[in-house]
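Inspection log for the structure reproduced underneath, given as structure tokens.
What's counted below: heavy atoms across the whole structure, side chains too, no hydrogens, waters or symmetry copies.
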Protein chains: 2
Amino acid sequence: MTTTPAPDPAVQDPVQHPVQHPVRDEDFLRLDQQICFSLNAASRAFGGVYRVVLKDLGLTYPQYLVMLVLWEHGELPVKKVGEHLRLDSGTLSPLLKRLETAGLVRRERSARDERSVVVGLTDEGTALREQALRVPRRIAAATTFELDEILELRARLDKLTNALDAAALDETPGCGA
Amino acid sequence: MTTTPAPDPAVQDPVQHPVQHPVRDEDFLRLDQQICFSLNAASRAFGGVYRVVLKDLGLTYPQYLVMLVLWEHGELPVKKVGEHLRLDSGTLSPLLKRLETAGLVRRERSARDERSVVVGLTDEGTALREQALRVPRRIAAATTFELDEILELRARLDKLTNALDAAALDETPGCGA
DNA sequence: CACAGTTAAGTTGTGCACAACTAAATGACG
DNA sequence: CGTCATTTAGTTGTGCACAACTTAACTGTG
């Protein structure tokens, strides 16, 4: 039930695919075969832990990510924040507005380029970093993983993300023209 | 820049933590040190690929997951669907209503237990499975991972999810009483 | 300078996740 | 039998992700 390698060479449906793979499409369609589901589940399980841990800071997880970027890089235009987090303005604009309302962040139009809005930390936002320092260890403890195990998993996930991004580009209709 | 084990024993802030770990909190707070971010990124990258692949079927990814459960198990009460997918009625009720509107599922109150609503496939919903059979392979191809690599990653992720769920339980305030 | 093309934020609309709540049905127990 | 706790769906409200669009500012070229 947990691994199920099932390299069954007997293909049931020779019509659509003239054999070539040792695994049937039917097997692949099982929920517990979908890597994406495991990924999704893990991501949401993380969400639950972060929700608890970040409640003290008054942050959601995406807000915490934005704060991480600002603590690490200081002032940044919205565009740059989005590049670090793979988020666009459609997500960031309302999120940053909420952080501004919370008094953690300040937003002002760049003088050099009036299109750009520079996001910076308020004193309160800077101060919050002290409390945030304790977060990663609590999260790491919740995983029960050793550090090297975490590093390896992260490497695999990053490799996966790169592959998927590349695939999304040439799967997108209107890119072969 | 990529791994940074940094087992630096020189702790900068001896006040809060009387040493004990070889890694400083500061290091852990870097964005590229957060597994959760890699996980989140991978999950969203998958989302992008699924969005493209599932467009032909007229399904979103969560809707696809519900269909997977129904194709595999047939009729199920909403509660059971939620158990398979770790989703509650707050998410499923509107989602199932959309699938019903799309003509893929049918919902009816159970006669035996009037609280329960049984979700089943329409003929159209059953027929859609044929097209869905091609999906997993396209996704697997997009990952560029070998099957055994996928299996191993999935095993790690499931282990992680279990650990996080367990941690969420005893982190939740009001469980030690 | 004029103007087409590009870029940065923001807005709108849809859908998902989840907490908190409501309503209705069921089950257990005195 | 009546009452109360539990179970099951559904609703409401908040926040995130993303596509599609708008607006304003910049850039390059003739």
Rounded to whole angstrom units, what separation is found between the [atom1] atom of [X] and the [atom2] atom of [N]?
X	N	atom1	atom2	answer
A/Phe46	C/dA17	CZ	P	18 Å
B/Leu65	C/dG15	CG	C1'	14 Å
B/Glu114	D/dG10	CD	C1'	15 Å
B/Leu54	C/dG15	CG	C1'	14 Å
B/Asp88	D/dA9	CG	P	11 Å
A/Leu87	D/dA19	CG	C1'	14 Å
B/Lys55	D/dC18	NZ	P	15 Å
B/Glu108	D/dT8	CD	C1'	16 Å

Residues which pass salt bridge (Lys or Arg N to Asp or Glu O under 4.0 Å) with A/Glu100, listed by chain and number, not counting sequence neighbours: A/Arg107
With sequence neighbours excluded, residues passing salt bridge (Lys or Arg N to Asp or Glu O under 4.0 Å) with B/Asp113: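 Per chain and number, B/Asp113 pairs via salt bridge (Lys or Arg N to Asp or Glu O under 4.0 Å) with B/Arg115.
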Going by side-chain hydrogen bond (donor to acceptor under 3.5 Å, both in side chains), name the residues that satisfy it together with B/Gln131, two or more places apart in sequence or in a different chain. none
If the condition is side-chain hydrogen bond (donor to acceptor under 3.5 Å, both in side chains), which residues does A/Asp158 pass it with, not counting sequence neighbours?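 For A/Asp158, the residues satisfying side-chain hydrogen bond (donor to acceptor under 3.5 Å, both in side chains) (neighbours in sequence not counted) are B/Ser38.
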Side chain of A/Arg44 only, heavy atoms from C-beta on: which candidate in D/dG15, C/dA17, C/dA19 is closest?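 Of all the options, the side chain of A/Arg44 is nearest to C/dA17.
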Nearest to the side chain of A/Thr60, which nucleotide is it out of C/dC18, C/dA17, D/dG15?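 For the A/Thr60 side chain, the nearest candidate turns out to be D/dG15.
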Main chain of A/Leu92, side chain of A/Ser89: is a donor-acceptor contact present, judged purely on distance under 3.5 Å?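 Judged by distance alone, no pair lies under 3.5 Å.
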side-chain hydrogen bond (donor to acceptor under 3.5 Å, both in side chains) pairs touching residues 140-149 of chain A, sequence neighbours excluded, are A/Glu149-B/Lys159
Given that A/Gln63 and A/Arg112 both sit by DNA chain D, which one's nearest nucleotide is further toward the 5' end?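 Upstream on the strand: A/Gln63.
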DNA chain D: A/Ser110 or A/Leu95, which has the more 5' nearest nucleotide? A/Leu95
Show me the side-chain donor-acceptor pairs of residues 73-80 of chain A shorter than 3.5 Å, one per line, residues at least two apart or across chains.
from: A/His73; atom 1: ND1; to: A/Val69; atom 2: O; distance (Å): 3.3
from: A/Glu75; atom 1: OE2; to: A/Arg106; atom 2: NH1; distance (Å): 3.4
from: A/Glu75; atom 1: OE2; to: A/Arg106; atom 2: NH2; distance (Å): 3.4

Which side-chain N or O atoms in residues 44-52 of chain A pair as donor and acceptor under 3.5 Å with protein atoms at least two apart or in another chain?
from: A/Arg44; atom 1: NH2; to: B/Leu85; atom 2: O; distance (Å): 3.2
from: A/Arg44; atom 1: NH2; to: B/Arg86; atom 2: O; distance (Å): 2.4
from: A/Tyr50; atom 1: OH; to: B/Gln34; atom 2: OE1; distance (Å): 3.4

Within the 4.5 Å heavy-atom criterion, are B/Thr60 and B/Leu54 side-chain neighbours or not?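 Side-chain contact under 4.5 Å: no.
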N/O-N/O pairs, protein side and nucleotides 3-5 of chain D side, under 3.5 Å:
none

For nucleotides 7-13 of chain C, read 5' to 3', which letter fits each nucleotide if B means a protein heavy atom sits under 4.0 Å from the base, S means only the sugar-phosphate is that close, and - means neither? BSBBB--
